[in-house]
Amino acid sequence: MVSIAKVIVDVPTMQTNRPYDYGIPEAFESQLKRGMRVEVPFGKGGRKVQGFVVEIQHSTDYEGILKFIDNVMDLTPVLNEEMLSLGTYMAATTFAFQITCLQTMLPSVMKAKYEKKIRLVSESIDPDIQKFFKDNLEISWEEAEEKELLVPLMKLKQQQLVEVIYVVKNQARTKKKRMVKNLLTFTEIKEAHDSLGKRGPKQHQLLDFLETLGEETTSVEEITQLTELTSAVLREGANKKWIEIFETEVYRDPFKDKEFAQTEAFTLTSSQAVALAPILKAVTEDRNETFLLKGVTGSGKTEVYLQTIAETLKRGKSALMLVPEIALTPQMVNHFKGRFGEAVAVLHSGLSVGEKYDEWRKIERGEAKVVVGARSSIFAPVENIGVIIIDEEHEATYKQDESPRYHARDIALWRSEYHHCPVILGSATPSLESRARAQKKVYTLLELTERANKKALPEVEVVDMREEVKKQNRSSFSLVLQEKIRERIAKKEQIVLLLNRRGYSSFVMCRDCGFVLPCPNCDISLTLHMDTKTMKCHYCGHEEGIPHTCPSCKGHKIRYYGTGTQKIEEELLTLIPEASVIRMDVDTTRKKGAHEKLLTAFGNGEADILLGTQMIAKGLDFPNITLVGVINADTALGLPDFRASERTFQLLTQVSGRAGRAELTGEVIVQTYNPEHYAIQLAKEHDYDHFYQHEMLLRHRGGYPPYYFTILITTSHEEELKAAKKMQDIIQVIKPVIKPETILLGPTPKAVARVNNRYYYQTIIKYKNEPQLFTTLHEILNQSQREMAKGLQVSIDSEPMHFI
DNA sequence: GTAGAAGGCGAG
DNA sequence: TCGCCTTCTACA
């Protein structure tokens, strides 16, 4: 009786979104476990694909011809019981394929790459074709395609003279280091010296080295660096049985050249201690309570996290901490490495795929007890979790905006239930959703109302830019901001300038006819990039040269408009030539480590001004910053998104917190065309509570979260009509099954209707209680399989963060 | 996603 | 009717 493995295969379609039964060859019988990756034949051609074993059983209901597992790719499961069950939960709640969910939980190197080759079976074929085959009688599919051999080869295939073979490539490679071990005793070294006589000076050198090495082992790399010995000499030594060269596995350590100064726990302020107590209680009682830690910027939330983690470690458990990608600065890492040393694993996008894999394995083996990282770190294979912390919990980046569209917060809550551990959601400006849950006592609210250094929050001055225009000041800098900048430069204090880039970019327009250069694939204008001297499309990546004459009227009055960081920097240097500026935006931070380098330079006082987009609003903590300027506070306010006010309030509060964190008092200038807007006024007063109340009122009136749940359905097709028609059909299916009080907004074409030559239509569902809705939506996806194979896309996003 | 079968269509 | 191309369908 053969055992059966249920396998989720790597074919992301609706029809294959279920386990398939495979026979387990006897050779794998004892070793195969749930959660391992396997190589299985799938489909008519016996094409090989990767899959995950989700179940092992002794019988099958399948009545067809059973296929067998070709290969087992892991020695131990890469997904444990928790992850398998989390995968099921994710697939059910995010409308994503199971395979996509499983792959998302693992480092990307675990996702297989596939290779197709053509192999010669018989010698007796046309020599004109045979000459293309290499010594091993194989050529790659791509090569055959390039040389237009596919047609004749397919014919040969039917005669079975060639065969198509599939290779599943496992990209997960461990890094190896060659080590050297001395096999000689002191007397033997002496004898070896004597037997060499006067010949072989390098050999003598090697023997001398071995004498100093003694019983130790060292790496080949180190020897060749420290001595004049080469690997050739070492090889000779190995031949003579003087030494043994062997390989060991090493971790790629992204922090290998860094020292972390050990830090001790600070004495808590009384309010920190009050907040910490209930958290520690939940930790010691293994209770999955969720805390909302609301603390003003600089109130020392981090210290509360650190001491919670310390207690967790003391109890022999591990801790998981999420921070937004852009807040994952060296400063942040230092806090954790400084306190917990080697026990900390850091996962972030700056790591190479290999480094990520190594950190993952370190965690999986239980060598890292504290994991710090961005969104996807919520899947870190930590056993025995004692606490999960999500810092800056309001950040939209915790929601993945591609499939699987999961929210890290939801995953955290699920895992906390599994591990019976508390969750801490920390923020100075909690999301309305979380704050409202705290109101309803679903979460426990803890507040830190004063800064740890007892300093007052900085003064915020709102500047009405409409008045500036009246004063004939046409620059992006108000007179008062210019003056304050000069003042700080003179005093050798530092300045942070924030450019709110959301919904803003520079474009090229003709002054004669008003022509704006559009993207040929999308209904959007191209953005000017001065560094590459090109026009780029931010949606599809299309790139072309900057026009010098207007393509429409052939006029020469083509000019740049809009506000990019580069343009602001130029303007700033014209106004205040003595300023030294570090600009931080997508362009200057693209290279690995560039972000860190710029911040270090600014921290060392190499520039007066740090100019940047959203990415500078978080985490940076430099004592010398005394002025924060927000160039354009309200560009996000105009967007048709009900979270626009919330985002603006959060951003202004965050960036204000950068000023005056140490001895010097800080000051904030906010430039806006909407000075009376409540988000700006209440940010000026640092008044979260009133903002929360006011915003809740508006959400209640508008029927938005947290009063309603939302689902965004999007259809897209190359033909506009097909996308619109499908959206209509979907609405017709939904309408009869929803309650009358549930609201459907749509169908509407997307704000940018055409992207990459596809047209988009969307509908938003707002509901309070629709127990059947998810089932209906899953059915819609199931019934759309045919059309989806023909170029239609349907995506469903539960609780979307962006509506445009 | 994709191989192989089925269906469709023009040339002979 | 053959051969080529497109569309369909099922994958264990």
Side-chain angles (χ1 to χ4, degrees), chain A residues 1-26 28-29 32 34 36-73 91 96-104 108 110-119 121 140-142 144-145 148-169 171 402-404 717-719 722 781-795:
Chain A
M1 188 62 194
V2 59
S3 289
I4 302 296
K6 283 195 175 291
V7 177
I8 302 278
V9 291
D10 182 13
V11 182
T13 67
M14 214 57 213
Q15 315 153 68
T16 51
N17 191 27
R18 60 189 180 83
Y20 284 86
D21 290 2
Y22 282 90
I24 304 172
E26 219 170 296
F28 300 139
E29 176 92 53
L32 193 68
R34 296 177 65 198
M36 283 186 184
R37 293 175 303 156
V38 289
E39 218 176 289
V40 290
F42 192 75
K44 286 167 195 156
R47 172 168 73 107
K48 279 180 193 147
V49 296
Q50 192 183 69
F52 290 91
V53 176
V54 291
E55 205 70 64
I56 292 177
Q57 52 194 36
H58 294 294
S59 65
T60 172
D61 300 335
Y62 180 63
E63 287 171 356
I65 303 153
L66 198 66
K67 286 187 185 173
F68 280 77
I69 288 172
D70 271 322
N71 210 351
V72 179
M73 302 176 76
F97 304 122
Q98 291 185 49
I99 187 69
T100 320
C101 294
L102 297 180
Q103 284 169 344
T104 302
S108 58
M110 297 238 180
K111 190 175 165 179
K113 285 246 167 79
Y114 300 101
E115 210 175 339
K116 211 156 72 162
K117 291 178 182 170
I118 299 165
R119 182 194 278 157
V121 181
S140 75
W141 185 272
E142 286 75 24
E145 210 164 24
E148 297 187 344
L149 290 170
L150 280 185
V151 176
L153 283 173
M154 284 306 104
K155 280 184 189 147
L156 291 172
K157 183 169 178 262
Q158 283 180 347
Q159 303 162 39
Q160 304 198 330
L161 296 174
V162 298
E163 62 179 356
V164 178
I165 55 173
Y166 303 88
V167 186
V168 178
K169 289 185 111 181
Q171 304 175 75
E402 60 189 52
S403 180
H717 199 278
E718 285 181 14
E719 292 168 54
K722 291 217 168 125
L781 285 179
N782 268 319
Q783 284 157 11
S784 309
Q785 290 174 35
R786 281 244 180 118
E787 297 148 281
M788 285 165 89
K790 283 191 265 177
L792 178 91
Q793 281 173 17
V794 179
S795 95

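- At whole-Å resolution of the value, CE in A:M14 and C1' in B:dG1 are 16 Å apart.
- Listed nucleotides C:dA10, B:dA3, B:dG4 differ in distance to A:K157; the shortest reach to its side chain belongs to B:dG4.
- Using a 4.0 Å heavy-atom cutoff across all strands shown, A:Y62 reaches at least one base atom of the nucleic acid.
- Whole-Å rounding puts the A:F42 CZ to C:dA10 P distance at 12 Å.
- Counting only N and O atoms by type, the side chains of A:E29 and A:S3 include a donor and acceptor under 3.5 Å apart.
- Straight-line distance from the CG atom of A:N17 to the C1' atom of C:dA12: 15 Å, rounded to whole Å.
- The distance between atom CE of A:M788 and atom P of B:dG1, rounded to the nearest whole Å, is 10 Å.
- By the 6.0 Å contact criterion, CD on A:Q160 is open, its count of non-hydrogen atoms from other residues, nucleotides or ligands being 12 or less.
- Looking at which nucleotide of DNA chain C each of A:T60 and A:K44 is closest to, the 5′-most match is held by A:K44.
- Of the two residues near DNA chain C, A:K790 and A:K155, the one whose nearest nucleotide lies more 5' is A:K155.
- A straight line from CG of A:L150 to P of B:dA3 spans 11 Å, rounded to a whole angstrom.
- Across all strands, A:F97 comes closer than 4.0 Å to no nucleic acid atom at all (heavy-atom distances).
- Within a 6.0 Å radius of CD in A:Q57, more than 12 heavy atoms belonging to other residues, nucleotides or ligands are found.
- A:K113 has its NZ atom 16 Å from the C1' atom of B:dG1, to the nearest Å.
- Atom NZ of A:K111 has 12 or fewer heavy atoms from other residues, nucleotides or ligands within 6.0 Å.
- When the P atom of C:dC8 is taken as reference, atom CD of A:Q785 falls 15 Å away, rounded to whole Å.
- Taking atom OH of A:Y114 as the reference point, atom P of B:dA3 lies 14 Å away to the nearest angstrom.
- Two residues are said to be in side-chain contact when any heavy atoms from C-beta on lie closer than 4.5 Å; A:Y114 and A:K48 fail this criterion.
- Here A:R18 does not reach the OP1 or OP2 of C:dA12: none of its side-chain N or O atoms lies under 4.0 Å away.
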